[in-house]
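Working notes, beginning with the structure itself.
Computation of the quantities below employed the complete heavy-atom set of this structure, encompassing side-chain atoms and omitting hydrogens, waters and symmetry-equivalent molecules. So you know, we letter chains A, B, ... as the sequences are listed, proteins then strands, and number each from 1.
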Amino acid sequence: MLTRAPKGTKDILPDESYKWQYIEGIMRDVCSRYAYREIRVPIFEHTELFQRGVGDTTDIVQKEMYTFLDKGERSITLRPEGTAGVVRSYIENSMGGAAQPTKMYYLSSSMFRYERPQAGRFREFRQFGIEAFGSLSPSLDAEAIALALQIFKELGINGLALNINSIGCSKCKPVYNEALSKYLEKQEPGLCKDCRQRMKTNPLRVLDCKQESCSKIVADAPKMIDYLCEECSEHFEGLKSRLEAAGIEYAVNPMIVRGLDYYTKTVFEIIASDIGAQSTVCGGGRYDRLVEELGGKPTPGIGFGMGMERLLLVLDSLNLEIPEPGLCDVYVCTLGDKAAQEGFSLTTKMRTAGIKAECDHMGRSMKAQMKYAGKIGAAKVIIIGEDELKNKEAVIRDMDKSEENTVAIEQLIDFLGASTR
RNA sequence: GUGGGUAUAGCUCAGUUGGUUAGAGCGCCAGGUUGUGGCCCUGGAGGCCGUGGGUUCGAAUCCCACUACUCACCCCA
């Protein structure tokens, strides 16, 4: 128990962390080109923020939050998603006072949900995400989607499916809900047990039930996009035309319903096949009422979350190679104590000079040191024994060519600097 | 919360109808070279056979319980 990571958590080991760094590099780069700046917010917040923000009736709030009382008797919750905290920060720091829109991203940020783990689902998982405030224009919606797709593209991932939908606003959504409920009530006998329950609590949920019997009924159900008010409809058309103008392929999927209460108008998902049942790699939408609901001035917003672990799964499933940075350019192989000291000093100097250098820390034989140098991928090995020490010189071995030269120790760094950089 | 699968070395896995000291490959360490990596050869370390109980003269093997891992439902990234 002591030496086992808690259920649903995972170590990111050195064998894998370079992949994360590579992906993060691309994300930062794309964000900077889209004029998004990084924000870092707390990993825990007051529980009430998520109750009000994410929604009291959602599964996330009802049964998946890591909530506890701190020593000051405050109810604290480890963030289950990224938007609420960023919105809180936007309000608290009066970001609405700056030139709008305000566009921000967060990177590899841990989220926590108490769920049964499975492929692509963890209790601690990391998200990349963006949040943009201050504009009602579908331009911002289209930009968010384009940004997400640009990241996939630059990672070499093609063939992901983009699904978009509009779930309306506070004007048209209630009208639709009623129409849907009426329809479902008529069809009740044909629905599965779960959906008969959902009908009462959250009829929208019935739309994405995977039971065959339900999908058949749902196929003929009234669709939100037919009930959109003029403003929402115009907005949705504006999004579609911008996506088309940018050459972005999409499918309108009237069945996508997001599980967080704050969404309005645009919702979208980016889906991967081949990574198991948890196939949504990226999901998000517009939340025009959220800032106001959390106590700020009425301010529209849009954002998405992208699951880092799921992204890694996609990369693995496509067998996409991520360049692994070399561990060592030059290994310093020494024989005897005096040479080892000279070698250590030399290694330190090389590191100062910007060379990836390593020396023996195990008291190994020369043969073993050579073997180790090969394993860590050293392109060159410096060999210093008693003879070399006497003459103040060193042997440089090129590991690929198996060629050796003798160079004065004093000139070594310059020599290597010229040949390794 | 519900259901299925799995559990033997660091990793991937063998292990016969229950039978003595539980194996292989890879990896790790050392030697074959008195100062030279990759290939090859030799040797070594490393296992409470997930945990607890039961059946039996005898259990990695059969039975039960628990736990962990895993996949799926649900939900979502």
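Straight-line distance between the C1' atoms of B:G27 and B:C11: roughly 7 Å, to the nearest whole Å. Taking atom C1' on both B:U17 and B:A59, the two are 14 Å apart, rounded to the nearest angstrom. Across B:U6 and B:C66, the matching C1' atoms stand 16 Å from one another, rounded to whole Å. Only the C1' atoms considered, B:G15 is 8 Å distant from B:A22, to the nearest whole Å. One C1' atom belongs to B:G44, the other to B:A7, and the distance between them is 28 Å to the nearest Å. Comparing B:G23 with B:G32, their C1' atoms are spaced 26 Å from each other, to the whole Å. B:G31 and B:G38 are spaced 13 Å apart, taking the P atom of each and rounding to whole Å. Only the P atoms considered, B:A65 is 31 Å distant from B:G47, to the nearest whole Å.
Nucleotide B:C49 forms a pair with no other nucleotide shown, judged by Watson-Crick or G-U wobble geometry with both contacts under 3.5 Å. With both pairing distances under 3.5 Å, B:U12 is matched to B:A24 as a Watson-Crick or G-U wobble pair. Using the Watson-Crick or G-U wobble rule with both distances under 3.5 Å, B:U67 pairs with B:A7. The base-pairing partner of B:U61, taking Watson-Crick or G-U wobble contacts with both distances under 3.5 Å, does not exist among the strands shown. In this entry B:U2 has B:A72 as its Watson-Crick or G-U wobble partner, both defining distances falling under 3.5 Å. The partner of B:C40 is B:G32, judged by Watson-Crick or G-U wobble contacts that both fall below 3.5 Å.
Rounded to whole Å, the distance from CD on A:Glu115 to C1' on B:G3 is 17 Å. Going from atom CZ of A:Arg4 over to atom P of B:G50 covers 12 Å, rounded to whole Å. Regarding A:Met399, its CE atom lies at a distance of 9 Å from the P atom of B:G37, rounded to whole Å. Computed from coordinates, the A:Asn405 CG to B:U36 P distance equals 19 Å when rounded to whole Å. Here B:A77 presents its C1' atom at 15 Å from CG of A:Asp59, a figure rounded to the nearest Å. Computed from coordinates, the A:Ile23 CD1 to B:A77 P distance equals 19 Å when rounded to whole Å. Nucleotide B:G37 holds its C1' atom 17 Å from the CE atom of A:Met362, rounded to whole Å. Rounded to whole angstrom, the span from the CE atom of A:Met370 across to the P atom of B:U36 amounts to 9 Å.
Classified by interplanar angle (parallel below 30°, tilted 30° to 60°, perpendicular above 60°), the ring pair A:Phe128/A:Phe304 is tilted.
If you check distances only, the side chain of A:Ser402 does reach the base of B:G38 with a donor-acceptor pair under 3.5 Å. Between the side chain of A:Gln369 and the base of B:U36 there is no donor-acceptor pair of N/O atoms closer than 3.5 Å. For A:Lys375 against B:G27, a side-chain-to-base donor-acceptor contact under 3.5 Å is absent. Interface remark: the A:Arg121 side chain does form a donor-acceptor pair with the B:C74 base, using a distance-only criterion of under 3.5 Å. In terms of polar N and O atoms assigned as donor or acceptor, the side chain of A:Arg116 never comes within less than 3.5 Å of the base of B:G1 in a complementary pairing.
If you check every strand for non-hydrogen atoms under 4.0 Å, A:Thr58 touches nothing. Among the heavy atoms of the strands, none lies under 4.0 Å from A:Cys333. Nucleic acid contact for A:Gln62: none, since no nucleic acid atom lies under 4.0 Å from a heavy atom of the residue. Using a 4.0 Å heavy-atom distance criterion, A:Glu404 is classed as a base contact. In this structure, A:Gly120 reaches the bases: a heavy-atom distance under 4.0 Å links it to at least one base atom across the strands shown. At the heavy-atom level, A:Lys371 lies under 4.0 Å from the strands shown only through sugar-phosphate atoms. Note on A:Ile383: a base of the nucleic acid sits closer than 4.0 angstrom, heavy atoms only. Residue contacts for A:Ala373: at a heavy-atom cut-off of 4.0 Å it reaches no nucleic acid atom on any strand shown. Using a 4.0 Å heavy-atom criterion, one finds that A:Arg126 contacts no nucleic acid atom at all. Residue contacts for A:Phe122: at a heavy-atom cut-off of 4.0 Å it reaches a base atom on one of the strands shown.
Ranking B:G38, B:G35, B:C76 by closeness to the A:Arg310 side chain, first place goes to B:C76.
Taking only side-chain nitrogens and oxygens, A:Lys367 never comes nearer than 4.0 Å to OP1 or OP2 of B:G35. The phosphate of B:A72 (OP1 or OP2) has a side-chain N or O of A:Gln118 nearer than 4.0 angstrom.
Side-chain N/O atoms of A:Ser108 and A:Glu24 include a donor and acceptor closer than 3.5 Å. Between the side chains of A:Tyr66 and A:Glu124, not a single donor N or O lies within less than 3.5 Å of an accepting N or O. Looking only at atom types and distance, the side chain of A:Thr67 has a donor-acceptor partner in the side chain of A:Thr77 under 3.5 Å away.
Contacts of A:Asp316 classified as salt bridge (charged side-chain N to carboxylate O under 4.0 Å, His left out), with partners at least two apart in sequence or in another chain: A:Lys19.
Along RNA chain B, the nucleotide closest to A:Gln278 and the one closest to A:Gln127 are compared, and the more 5′ of them pairs with A:Gln278. Mapping A:Gly283 and A:Ile384 onto RNA chain B via the closest heavy atom, the residue that lands nearer the 5' end is A:Ile384.
Open room surrounds CD on A:Glu178; 12 or fewer heavy atoms of other groups in view lie less than 6.0 Å from it.
Taking the centre and axis of the six-membered ring of A:Phe112, the NZ or CZ atom of A:Arg79 falls outside the cone set by 45° and 6.0 Å.
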Donor-acceptor pairs under 3.5 angstrom involving side-chain atoms of residues 277-288 of chain A: please list them, not counting sequence neighbours.
{"unit_1": "A:Gln278", "atom_1": "OE1", "unit_2": "A:Arg310", "atom_2": "NH2", "d": "3.4"}
{"unit_1": "A:Arg286", "atom_1": "NE", "unit_2": "A:Asp141", "atom_2": "OD1", "d": "3.1"}
{"unit_1": "A:Arg286", "atom_1": "NE", "unit_2": "A:Asp141", "atom_2": "OD2", "d": "3.0"}
{"unit_1": "A:Arg286", "atom_1": "NE", "unit_2": "A:His235", "atom_2": "NE2", "d": "3.4"}
{"unit_1": "A:Arg286", "atom_1": "NH1", "unit_2": "A:Ser135", "atom_2": "O", "d": "3.0"}
{"unit_1": "A:Arg286", "atom_1": "NH1", "unit_2": "A:Asp288", "atom_2": "OD1", "d": "2.9"}
{"unit_1": "A:Arg286", "atom_1": "NH2", "unit_2": "A:Ser135", "atom_2": "O", "d": "3.2"}
{"unit_1": "A:Arg286", "atom_1": "NH2", "unit_2": "A:Ser137", "atom_2": "O", "d": "3.1"}
{"unit_1": "A:Arg286", "atom_1": "NH2", "unit_2": "A:Asp141", "atom_2": "OD1", "d": "2.6"}
{"unit_1": "A:Tyr287", "atom_1": "OH", "unit_2": "A:Glu131", "atom_2": "OE1", "d": "2.5"}
{"unit_1": "A:Tyr287", "atom_1": "OH", "unit_2": "A:Ile302", "atom_2": "O", "d": "3.4"}
{"unit_1": "A:Asp288", "atom_1": "OD1", "unit_2": "A:Gly301", "atom_2": "N", "d": "3.4"}

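For A:Thr58 (side chain) and A:Gly55 (main-chain N/O), a donor-acceptor pair under 3.5 Å exists by modelled atom type.
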